[in-house]
**Q** 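I have a structure here, written as structure tokens, and I will follow up with some questions on it.
All values below come from the heavy atoms of this structure, side chains included, with hydrogens, waters and symmetry mates left out. Whatever order the structure lists them in is the order used to number ligands and atoms, beginning at 1.
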Amino acid sequence: MAEAPSKVTTASLRARKAGAEKIAVVTAYDVVFARLADAAGLDVVLVGDSVGMVMQGESSTLPVTLDEMVYHTRIVSRGVRRAHLVADLPFMSYQASTEDGMRAAGRLMKEGRAESVKLEGGVAVAELVRRLVGAGIPVVGHVGLTPQSVHQFGGFKLQGRTDDQRARIVEDARALADAGAFAIVIETVPQALAVEITRAVPAITIGIGAGRACDGQVLVMHDLLGLEAADHRRAPRFVRRYAELGKDVGAAFKAYADDVRAGRFPSEQESYD
Ligand code: KIV
């Protein structure tokens with residue numbers, strides 16, 4: 001009998017820093033896709049606050065609440081066996097005070113069954129990261145294009161264009177790693193900057209729009225699966241589509257509606273005597 005693949009842990013992820021095999025991360029928001037991602041062997045499943053944009057139809061992640069993150073994390077946790085499960089701390093669940101962040105992270109772990117939490121920022125959240133790690137909560141940081149600051153950036157734009165910006169992002173990544181974050185997401189920056197950060201910190205780096213040098217990659221599942229209504233949302237340049245589920249789903253819905261209208265569904269075999 002084939003041996004069951006072993007559980008992915010923060011320790012096994014850390015051990016893959018600069019390793020030959022990169023770490024594969026995907027987002028999920030419900031039990032169906034969580035099961036599919038886990039069975040496909042993804043290393044990490046992230047319940048991202050991108051839920052606001054891809055599941056709730058919002059134009060940013062800002063409206064997502066802690067209750068919503070707890071709910072989505074709990075239902076994803078029922079589908080994840082092997083992968084490591086990370087949940088995002090949503091906007092304003094941790095920025096106002098360290099205590100807020102501790103309690104919010106506690107809810108994601110206790111009620112959501114997350115195995116680690118992710119937060120955005122660097123120097124500004126280092127004290128919170130230190131406290132969380134001290135309380136036994138593993139932390140994933142997030143630097144570069146941090147979507148919760150979209151209004152400060154003036155849009156979802158490439159970060160790290162100037163020397164000042166690059167220095168600040170490196171400083172943020174170092175602060176996160178020094179505070180004990182075991183992983184850092186690096187989003188939408190020039191690839192040379194991701195190379196620099198990946199070399200500079202002991203934490204594993206997970207890139208999204210940050211080139212190939214990171215220790216792993218993450219994509220939003222709707223982007224990689226093409227799970228959008230046609231023309232609804234233009235995927236960023238760094239997305240690679242591995243399926244066109246939006247088109248397949250649209251065609252299936254249309255075929256079903258056509259069959260119902262023409263009396264072809266249900267058939268005799270699909271009916272009870
Ligand atoms: O919310 C999210 O899905 C994320 C990933 C894009 C890294 O933060």
Side-chain angles (χ1 to χ4, degrees), residues 13 22-30 33-34 37 42-66 68-73 75-76 80 83-95 104-105 108 112 114 116-122 125 129 139-150 153 155-159 169 172-173 176 181-189 194 197-198 203-211 214-225 227-228 233-241:
L13 289 167
K22 303 269 185 182
I23 298 161
V25 184
V26 73
T27 66
Y29 314 96
D30 69 17
F33 284 97
L42 269 294
D43 299 304
V44 178
V45 171
L46 165 67
V47 186
D49 59 358
S50 50
V51 68
M53 299 177 76
V54 297
M55 301 287 290
Q56 300 174 341
E58 300 284 358
S59 58
S60 79
T61 60
L62 272 58
V64 176
T65 67
L66 180 59
E68 288 165 351
M69 288 306 301
V70 168
Y71 167 77
H72 283 280
T73 306
I75 61 177
V76 165
V80 173
H84 179 72
L85 178 59
V86 185
D88 259 340
L89 282 162
F91 179 60
M92 287 317 289
S93 69
Y94 61 98
Q95 286 92 341
L108 290 175
S116 61
V117 300
K118 181 165 83 58
L119 43 64
E120 299 182 7
V125 292
V129 173
V139 177
V140 179
H142 188 155
V143 299
L145 171 51
T146 44
Q148 292 175 14
S149 305
V150 63
F153 296 145
F156 295 99
K157 294 179 179 161
L158 180 73
Q159 299 299 303
I169 294 170
D172 280 339
L176 289 166
F182 78 96
I184 300 175
V185 169
I186 307 175
E187 180 163 351
T188 317
V189 299
I197 295 170
T198 300
I204 51 171
T205 58
I206 307 294
I208 175 164
C214 293
D215 300 304
Q217 296 290 327
V218 57
L219 280 178
V220 169
M221 68 163 233
H222 287 63
D223 289 340
L224 86 90
L225 296 176
L227 193 51
E228 286 286 350
R233 182 169 159 261
R234 200 159 57 88
R237 155 179 168 172
F238 57 76
V239 167
R240 186 181 297 179
R241 284 225 192 284

**Q** Please enumerate all residues that pass salt bridge (Lys or Arg N to Asp or Glu O under 4.0 Å) together with D49, with sequence neighbours excluded.
**A** none

**Q** Any side-chain heavy atom of E120 sitting closer than 4.5 Å to one from Y94?
**A**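 Of all side-chain heavy-atom pairs linking Y94 with E120, at least one is under 4.5 Å.
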
**Q** Listed by chain and number, what are the ring-ring contact (aromatic ring centres under 6.0 Å, His included) partners of Y29, not counting sequence neighbours?
**A**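 Y29 satisfies ring-ring contact (aromatic ring centres under 6.0 Å, His included) with H222 once adjacent residues are dropped.
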
**Q** With I75, which of V47, V70, D30 fulfils side chain to side chain contact (heavy atoms under 4.5 Å, CB included)?
**A**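 Of V47, V70, D30, side chain to side chain contact (heavy atoms under 4.5 Å, CB included) with I75 is met by D30 alone.
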
**Q** Do F238 and T188 touch side chain to side chain, with heavy atoms closer than 4.5 Å?
**A**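 The answer is yes; the side chains approach within 4.5 Å.
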
**Q** Quick one: salt bridge (Lys or Arg N to Asp or Glu O under 4.0 Å) partners of D215, sequence neighbours excluded?
**A**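 With neighbours one apart ignored, the set is K17.
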
**Q** Quick one: table the atom pairs, ligand 1 N or O against protein N or O, below 3.5 Å, distance rounded to 0.1 Å.
**A**
residue	atom	partner	partner atom	Å
ligand 1	1 (O)	D49	N	3.2
ligand 1	1 (O)	D49	OD1	3.0
ligand 1	1 (O)	S50	N	3.0
ligand 1	1 (O)	S50	OG	3.3
ligand 1	1 (O)	D88	OD2	3.1
ligand 1	3 (O)	S50	OG	2.5
ligand 1	8 (O)	K118	NZ	2.9

